[in-house]
Amino acid sequence: MRYFDARIIENRALGNGYFVLRLGGCESLAGSRPGQFMMLRGDWGRDPLLPRPMSLLSVAPEGRADLLARAVGQGTRLLESALPGTRVSILGPLGNGFPEPTQATLDLLVAGGVGMPPLFMQAEHAAHRGLIDRCEMIYGGRTARDLVLLAEMRGLGLAPCLATEDGSVGRRGRVTAALEARIEHHRAATPDRRLRIMACGPREMLWAVARIAEPHAIECYLSVEEQMACGIGVCLGCAMPARSRPFRYACSDGPVFLASDLVIPPAPGQVAGGAP
Amino acid sequence: MRYFDARIIENRALGNGYFVLRLGGCESLAGSRPGQFMMLRGDWGRDPLLPRPMSLLSVAPEGRADLLARAVGQGTRLLESALPGTRVSILGPLGNGFPEPTQATLDLLVAGGVGMPPLFMQAEHAAHRGLIDRCEMIYGGRTARDLVLLAEMRGLGLAPCLATEDGSVGRRGRVTAALEARIEHHRAATPDRRLRIMACGPREMLWAVARIAEPHAIECYLSVEEQMACGIGVCLGCAMPARSRPFRYACSDGPVFLASDLVIPPAPGQVAGGAP
Amino acid sequence: MTPAPAMPASGNGGPSLAIRCGGIDFHNPVLTASGTFGYGKEFAGLLPLASLGGLVTKGISPNPRFGNPAPRICETAAGMLNSIGLENVGLEGFAAEKLPFLRTCGTKVLVNFFGTTFDEYVECGQRLGQLEGVDGLEMNVSCPNIKAGGIEFGRDPRVLGELVRACRNVIAKPLWVKLTPNTSDIVLLARACAENGADAVSVINTIGGMAIDAHTRRPRLATVFGGLSGPAIKPVALRMVYQIHRAGLGIPICGIGGIQSGIDAVEFFLAGASTVQVGTQNFIDPASSERVVREVEDFCRANGVTDLREIVGGLVV
Amino acid sequence: MTPAPAMPASGNGGPSLAIRCGGIDFHNPVLTASGTFGYGKEFAGLLPLASLGGLVTKGISPNPRFGNPAPRICETAAGMLNSIGLENVGLEGFAAEKLPFLRTCGTKVLVNFFGTTFDEYVECGQRLGQLEGVDGLEMNVSCPNIKAGGIEFGRDPRVLGELVRACRNVIAKPLWVKLTPNTSDIVLLARACAENGADAVSVINTIGGMAIDAHTRRPRLATVFGGLSGPAIKPVALRMVYQIHRAGLGIPICGIGGIQSGIDAVEFFLAGASTVQVGTQNFIDPASSERVVREVEDFCRANGVTDLREIVGGLVV
Ligand SMILES: Cc1cc2nc3c(=O)[nH]c(=O)nc-3n(C[C@H](O)[C@H](O)[C@H](O)COP(=O)(O)OP(=O)(O)OC[C@H]3O[C@@H](n4cnc5c(N)ncnc54)[C@H](O)[C@@H]3O)c2cc1C
Ligand SMILES: Cc1cc2nc3c(=O)[nH]c(=O)nc-3n(C[C@H](O)[C@H](O)[C@H](O)COP(=O)(O)OP(=O)(O)OC[C@H]3O[C@@H](n4cnc5c(N)ncnc54)[C@H](O)[C@@H]3O)c2cc1C
Ligand SMILES: Cc1cc2nc3c(=O)[nH]c(=O)nc-3n(C[C@H](O)[C@H](O)[C@H](O)COP(=O)(O)O)c2cc1C
Ligand SMILES: Cc1cc2nc3c(=O)[nH]c(=O)nc-3n(C[C@H](O)[C@H](O)[C@H](O)COP(=O)(O)O)c2cc1C
Ligand code: FES
Ligand code: FES
């Protein structure tokens, strides 16, 4: 973990507010694991004040690092309009990351919206180790315009299973429905295969994924998003209700958690209770 | 006076932190008088919070308006790096301005550093009315690099009398010494000529100019700079101790004042007292 | 270029923004704050005054005051300090020079007032309350009490209560009291107002602050201390509005502090304010108060709120 | 990559930044604030801890605490709100897990502590004061007094004075008291500390605030209220430091609130602080506290200050 200055080398707009920032000077991020993140801040005065957590999308030799973001608020809007050459400060790599891909497992990478980057990086990592056929990308968004970098995914050797809420591309509906279908498929086709789930996306999606994984007893990893100030476990701002302890910290214990260690709220409409 | 959006058409760096911003969409500033100013704010969030007062350097047909600024703090640094196309909001024209040039007078335009714009505009205005020979520019700065737009001044038909503290160009010393020399010259050469002084620059310079004008009984106009919030006389923030009333307001009663209406502090080293 | 006054929103079948607060019926809940909107006329060319729910004048005292030495303002992080010193044209000057315009401006007019002694407050309030064209009074109690060693009238709940009572007794018009946030318990202050007959509380005035120029080693304000306003103080203002609302005193609240947008205003409504005032933002964007009205309306429309009153105090906790 | 600890500035013939404050000799006046610097170790790879004058730990209570429900933080204009809820490892956990590292970290260590009852304060302070490696204690009195209806201990000067006295009686080490700004008179609080034997006051803790998400209609913090910190509060902090300094109580002041740079720190020195703490800025730039030290030194050099003590309280009014 280092605190350093980087420069934007390229800012590639993907439409619908999505953009990929390519950063130079990120030698310190070289060994990062998929799922790790950084705290990033532009040179933009005191508004906004705090750095923003951003997942890594990809790290490459010679200090290049990519991230994917969507302009939703003040910080991401400033990044969206940042020009090549702009200086940003970075603290990273932070957090734990996803488990390694293995020969023995099939990893279902479940990506929701702008939560996709860590799963992309996990797939890239698998590809580098010749294990791309041990993972499957299940990627959902509101519309076709929320599904980005599909060519790059195919370039890795993935055939992403897509879902959109409006049906404009892929399966119509939520990514969790697609996940259920894929689980059923694998359970039927290769019942002995050890499935794992790795997911990142909106909170409700993560809870839904956990609720799907549980009855199947599938090992399920969730990368969570919390409000963060420090990114390194000192402000105690990013507390997550957990089972092994009252709280765990998204930045230093996570952002990737075993779903079984988190307190998963009951599905909307269901009454709480039972669970410890 | 209007509140409107303008766009930066051109941002011309002049070295040493000085730059000229050319703005488009400023039709409402067309009739502005030299010495008037605007409250200007970029689209930069809440840091800095308040708009910045900026004098007009020149207004041209088709809604063009120029200003000259120097990057000294947060706001001016942001303007210095603003790209063509950037939106700014403007409230103006504000304040009163200098008196009209006349055939019967010779106006000594005393400019100190980045206080030069209103005097440039006054000269431009005189030139448009064929009265450029009724004004004389006396322009001082720390070094040669603080004297800008000299070619443009000559283009108006001025032969600016320059002064630098380090002697790197023009007379060595303060602009006020140059002013005294010019007054002596005119008093000797054309004793009947009705002189007027119009000055803008750092506060200490303005007080020194007033102290020079007073014993000569020369009509003396000072354009003052005060901290401003509203620019239109409502916050009462820009109070200037005055003689006719306890306070006058730099934004709405000024920024141009007759020196005789302001409370001019005694010269440094001199003891206060005597003056009302 | 003065646009036609905006119609009350309900005229278009849109959400109703009309609201009663502190004895006054407003056609919308957005007012402008004392000291940041002059005497109204200064803004007449910049926005249609009739589009506002109301405006609050600069604070008026019985006699004209010239205010503090300069510099009087400086900028801070997301805020500003001022030490204007309650400069104003005085009661007679206000009645003669400012009120005639205000009578015709098409929006509700609240006159902010103060005194430096108990009697001045009462005298000023009584006289202002008799003037035609004044819809209500807002008492600024952040003024130092000269007889009590310069402590603000509004800091001690007992003194405040007595002052409110004395003014109430001579003022028939709606009487609002503007509270100081420089307190350890805002609810005690609000209670003193409610129990002594105030019609509403305006929450908050500026927070005491100070700034220093490290290079000259001098304070940035000639008076050393000043009042902090702007977005920086919004969290404190919201907290105090909600504390008062939650205490259930039954007194309506006008929320003030760092409001820049309609969303900011909605936050104050949810916390329990039934009207709001836009202050420092008038300096940043002189037409912002009208925009705030529009944005509140947009919020209501987008969120299925047909009547503003549905969201007042509607915080989900 | 841990750089070698910075030499005390005077070693280079530069200005002397060494200063005594509240019974402790610091080699420079820049500390890090409680709750923003963990237990020190978390920052060890990011800056040389020995370059700091000192550090203040997260607040310690007799027993471990788990803190408040999430969300616990949110951003505001030039500031942030937190409602961490005084989560900490507890006294024994601190002594066993955190202190061994701190003993070797090369800077002064102050331990921030609190209790939820009078007795807990005394017990915790006494025990911490006996631990080797603890250079001083900072008492956080912004904690709700459970027996007194949840009012903070530090709001009532009388209660505060008694608490300080009781702790003083059992603590031999330097005892600092961290004041709450949620008061109508900070000088009364400082006086209560001075008169009851505190060695210094730390000024200020966070200001009570609140934020609302207009769209969900919910408070942004699970606990509704939180503490405001960051540049937004600097004017309030400076004002309080100067008020205490001007009151001439003879108690040293550690200035806290919104410090981002050496210039900010100098402003606090001029107002009367002899040390400062960097808080929220540690989140924005984790190496900033070391930079603040350097910038203070640069300021002194550029302004002919040969000894920091020349500017403490040096405001020209
Ligand atoms: C570990 C971690 C990794 C992250 N990785 C990425 C990443 O790779 N790419 C990325 O774009 N974001 C990522 N985020 C989220 C990112 O930090 C937030 O989107 C960012 O804080 C928004 O900042 P802002 O300043 O633009 O918006 P703010 O001004 O902070 O918020 C503006 C509004 O947008 C809402 N908002 C905030 N975040 C989102 C969101 N994600 N979607 C919709 N609305 C939102 C807020 O509630 C608020 O109302 C990550 C967060 C965490 C904790
Ligand atoms: C009527 C009027 C007309 C003006 N016209 C012009 C103009 O045409 N061009 C122009 O450049 N400026 C002009 N100014 C001054 C301009 O408004 C200030 O320079 C500006 O406010 C500085 O803003 P900032 O945000 O860059 O600095 P801030 O962040 O506000 O200040 C940063 C630091 O710089 C110092 N500082 C501020 N102004 C100056 C200065 N002028 N010189 C040196 N140090 C300074 C401040 O004291 C502070 O310490 C005018 C001011 C007034 C009142
Ligand atoms: C320059 C200035 C002058 C003010 N004058 C007064 C006043 O005369 N009377 C008063 O009650 N409040 C006065 N205020 C306080 C504002 O009305 C308002 O309560 C405060 O600024 C907080 O709101 P804001 O953050 O939106 O500005 C003044 C504020 C400013 C900035
Ligand atoms: C996340 C967070 C946690 C804090 N925890 C404590 C604490 O445990 N004890 C304490 O006395 N102050 C605590 N504080 C207050 C700070 O020490 C400091 O007084 C305050 O943040 C103001 O300084 P700043 O503006 O530089 O942050 C905390 C502040 C923050 C932001
Ligand atoms: S973000 Fe500070 S502890 Fe996680
Ligand atoms: S700047 Fe507001 S009155 Fe002059």
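This is a predicted model, so every value here is computed, not measured. In what follows, chains carry the letters A, B, and so on, assigned in the order in which the sequence lines appear, proteins first and then strands, with residues in each chain numbered from 1.
- Top candidate by heavy-atom pairs under 4.5 Å with chain B, chosen from C/Ile73, C/Thr76, C/Thr36, is C/Ile73.
- Heavy-atom minimum distance, B/Ala229 versus C/Phe283: O-CB, 3.5 Å.
- B/Arg2 contributes atom CZ, which lies 8.0 Å from atom CG of C/Leu46 (distance to the nearest 0.5 angstrom).
- Residue contact with chain C, scored on non-hydrogen atoms closer than 4.5 Å, involves the backbone of B/Met228 exclusively.
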Going through the checks in order, is the salt bridge (charged side-chain N to carboxylate O under 4.0 Å, His left out) test met by B/Glu226 and C/Arg72? CA-CA 10 Å; B/Glu226 274 294 326; C/Arg72 295 174 167 190; over 6 Å; no
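- Considering only residues two or more places apart in sequence or on other chains, B/Ser252 meets the side chain to side chain donor-acceptor pair (under 3.5 Å) condition with none of them.
- Contact of the C/Tyr39 side chain with the B/Val234 side chain is not registered, since no non-hydrogen atoms from C-beta on lie closer than 4.5 Å.
- Within 6.0 Å of the CZ atom in C/Arg218, the count of heavy atoms belonging to other residues, nucleotides or ligands does not exceed 12.
- Other residues, nucleotides and ligands place more than 12 heavy atoms under 6.0 Å from the CD atom of C/Glu295.
- Ranked by non-hydrogen atom pairs under 4.5 Å with chain C, the options B/Ser89, B/Gly45, B/Cys238, B/Cys235 are led by B/Cys235.
- By the 6.0 Å contact criterion, CZ on B/Arg70 is enclosed, its count of non-hydrogen atoms from other residues, nucleotides or ligands being greater than 12.
- In this structure, the side chains of B/Ile232 and C/Phe43 come closer than 4.5 Å at one or more pairs of heavy atoms.
- Using a 4.5 Å cut-off between heavy atoms, C/Thr280 touches chain B through its side chain atoms alone.
- Residues B/Leu49 and C/Ala78 approach most closely at CD2-C, 3.8 Å, considering heavy atoms.
- Between the CG atom of C/Leu221 and the CD atom of B/Gln227 there is a distance of 9.5 Å, given to the nearest 0.5 Å.
- When the shell of 6.0 Å around CD of C/Glu97 is examined, it contains more than 12 heavy atoms from other residues, nucleotides or ligands.
- Between C/Asn282 and B/Cys230, every side-chain heavy-atom pair lies at or beyond the 4.5 Å cut-off.
- Of the two parts of B/Leu236, the backbone and the side chain both hold a non-hydrogen atom closer than 4.5 Å to a non-hydrogen atom of chain C.
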Decide yes or no on side-chain contact (heavy atoms from CB on, under 4.5 Å) for C/Ile284 and B/Leu50, but give the supporting numbers first. CA-CA 5 Å; C/Ile284 299 167; B/Leu50 298 171; 4.2 Å; yes
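- When heavy atoms are compared at a cutoff of 4.5 Å, B/Tyr3 approaches chain C by way of both its backbone and its side chain.
- With a 6.0 Å radius and a threshold of 12 heavy atoms from other residues, nucleotides or ligands, B/Arg142 has its CZ atom at or below the threshold.
- Residues C/Asp285 and B/Arg41 form no side-chain contact, since every pair of their non-hydrogen atoms from C-beta on lies 4.5 Å or further apart.
- Minimum heavy-atom separation, C/Ala70 to B/Ala239: CB-O, 3.1 Å.
- For the options C/Met80, C/Glu75, C/Gln260, heavy-atom pairs under 4.5 Å to chain B are most numerous at C/Glu75.
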